[in-house]
Amino acid sequence: LYEFLPEKVKEVWRKNAQVITGFNCSYKCAFCINSVRKCKYESRPAEKIINDIEYIVKNFNPLDIYFRDEDFFQDFAKAKVIVDYLIEKKYKFRWDVSTRVNHFREGMVDDKFLKKLIESGCWRLRFGVESGSQRVLDYLKKGQTVAQIKYAVGQCVKNNIHALCSI
């Protein structure tokens, strides 16, 4: 598929490539098309993602990769495989993902895993925060709390990972 990209797109990908790692989202935020369509999260298999990464690195050698996924850590087993693979390969590119603040807890995105993220080249996590008001979050059916937002962003700051919050 990548070989069919126009040369101008390939030039961009040499700087900022993208790899699709999942589709849709299982959360039911009131404003989201996934809620209207009653979508469920669909994770791509880690093996296919790894093949895409290898192809992109070999053919484009990008500076950055955005793992395109509405919630990269929703399939945490897949996320761990990808992070471990990136550490093993010692790639030089930086990478980032979109995720949710409620994954920041013991046994998921905790201090130990954050260290692995940094080691693997992760430099930014993107969060759909939407609001700093619990009343508004509840109204939007976000499924997260202000305390979770503060904790996740604080953990990113503590570990020198950029937290990009859409509001």
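Residue numbers start at 1 and run along the sequence shown.
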Quiz item: According to the salt bridge (charged side-chain N to carboxylate O under 4.0 Å, His left out) rule, which pairs have a member within residues 81-95, sequence neighbours left out?
Solution: D64-R94, D84-K116

Quiz item: For F127 and A152, which heavy atoms make the closest approach, and how far apart are they?
Solution: CZ-CB, 4.3 Å

Quiz item: By side chain to side chain contact (heavy atoms under 4.5 Å, CB included), which residues pair with D111, not counting sequence neighbours?
Solution: L114, Q155, K158, N159

Quiz item: CD/Q18 to CZ/R68 distance, rounded to the nearest 0.5 angstrom?
Solution: 4.0 Å

Exercise. Treating Ile, Leu, Val, Met, Phe, Trp and Tyr as nodes and any side-chain heavy-atom pair under 4.5 angstrom as an edge, say whether Y55 and F67 lie in one connected cluster.
Key: yes

Quiz item: Who are the salt bridge (Lys or Arg N to Asp or Glu O under 4.0 Å) partners of D71, not counting sequence neighbours?
Solution: none

Quiz item: Do I118 and I82 belong to the same hydrophobic cluster, where Ile, Leu, Val, Met, Phe, Trp and Tyr are linked whenever their side-chain heavy atoms lie under 4.5 Å apart, directly or via other members?
Solution: yes

Quiz prompt | Residue pair R14 / N61, side-chain heavy-atom distance below 4.5 Å | solution = no

Practice problem: Of all the heavy-atom pairs spanning S98 and D69, show the shortest one and how long it is. | Solution: CB-O, 3.4 Å

Quiz item: Within a strict 4.5 Å, meaning less than it, do heavy atoms of the I56 and P62 side chains meet?
Solution: yes

Quiz item: For the atom pair CG (N51) and NZ (K48), what is the distance rounded to the nearest 0.5 Å?
Solution: 9.0 Å

Exercise. Check whether any side-chain N or O of R44 sits under 3.5 Å from a backbone N or O of I20 as a donor-acceptor pair, and report yes or no.
Key: yes

Quiz item: Within 45° of the axis and under 6.0 Å from the centre of the six-membered ring of F72, does NZ or CZ of R126 qualify?
Solution: no

Quiz item: Stepwise, does the side-chain contact (heavy atoms from CB on, under 4.5 Å) test hold for L117 with V83?
Solution: CA-CA 7 Å; L117 289 178; V83 169; 3.7 Å; yes

Practice problem: Assess whether side-chain hydrogen bond (donor to acceptor under 3.5 Å, both in side chains) is satisfied between E54 and Y91, documenting all intermediate values. | Solution: CA-CA 10 Å; E54 289 176 354; Y91 286 128; 4.9 Å; no

Exercise. Search all heavy atoms of K78 against all heavy atoms of S43 and return the closest pair with its distance.
Key: CD-OG, 3.2 Å

Quiz item: Do Q148 side-chain atoms and V101 backbone N/O form a donor-acceptor pair below 3.5 Å?
Solution: no

Quiz prompt | Pairwise distance CD1(I53) to OH(Y85) - rounded to 0.5 angstrom | solution = 6.0 Å

Quiz prompt | Pair listing, ring-ring contact (aromatic ring centres under 6.0 Å, His included) test, anchored in residues 137-161, at least two apart | solution = none

Exercise. Would you give the length of the straight line joining atom CD1 of I87 to atom CD of E119, rounded to the nearest 0.5 angstrom?
Key: 4.0 Å

Exercise. Kindly give the heavy-atom pair with the smallest separation between V146 and Q134, and that separation in Å.
Key: N-OE1, 2.9 Å

Quiz item: By salt bridge (Lys or Arg N to Asp or Glu O under 4.0 Å), which residues pair with D138, not counting sequence neighbours?
Solution: none

Self-check item: Spacing of K80 atom NZ and D75 atom CG [to the nearest 0.5 Å]
Solution: 10.5 Å

Quiz item: Nearest heavy-atom pair of M108 and H103: which atoms, and what distance?
Solution: CB-O, 3.3 Å

Practice problem: Go through W123 and N160 one step at a time and tell me if the side-chain contact (heavy atoms from CB on, under 4.5 Å) criterion holds. | Solution: CA-CA 8 Å; W123 74 282; N160 206 22; over 6 Å; no

Quiz prompt | Side chain to side chain, V153 and C165, heavy atoms closer than 4.5 Å | solution = yes

Quiz item: Do L137 and I149 come within less than 4.5 Å of each other through their side chains, counting heavy atoms only?
Solution: yes

Practice problem: Enter the distance from K15:NZ to L63:CG here, rounded to the nearest 0.5 Å. | Solution: 8.0 Å

Quiz prompt | Over all atoms of both residues, closest heavy-atom pair of C156 and L125 | solution = SG-CD1, 3.9 Å

Self-check item: Side-chain heavy-atom pair F93, L86 within 4.5 angstrom cut-off
Solution: yes

Self-check item: From CA spacing to verdict: side-chain contact (heavy atoms from CB on, under 4.5 Å), V81, I50
Solution: CA-CA 9 Å; V81 169; I50 288 169; 4.2 Å; yes

Exercise. Spell out, as yes or no, whether a donor-acceptor pair under 3.5 Å connects the side chain of N24 to the backbone of Y41.
Key: no

Quiz item: What residues form a side chain to side chain contact (heavy atoms under 4.5 Å, CB included) with F31, not counting sequence neighbours?
Solution: C29, E130, L140, K142

Quiz item: Hey, do the aromatic rings of F104 and F113 have their centres closer than 6.0 Å?
Solution: no

Quiz item: Got a donor-acceptor contact below 3.5 angstrom from the W95 side chain to the S120 backbone?
Solution: yes

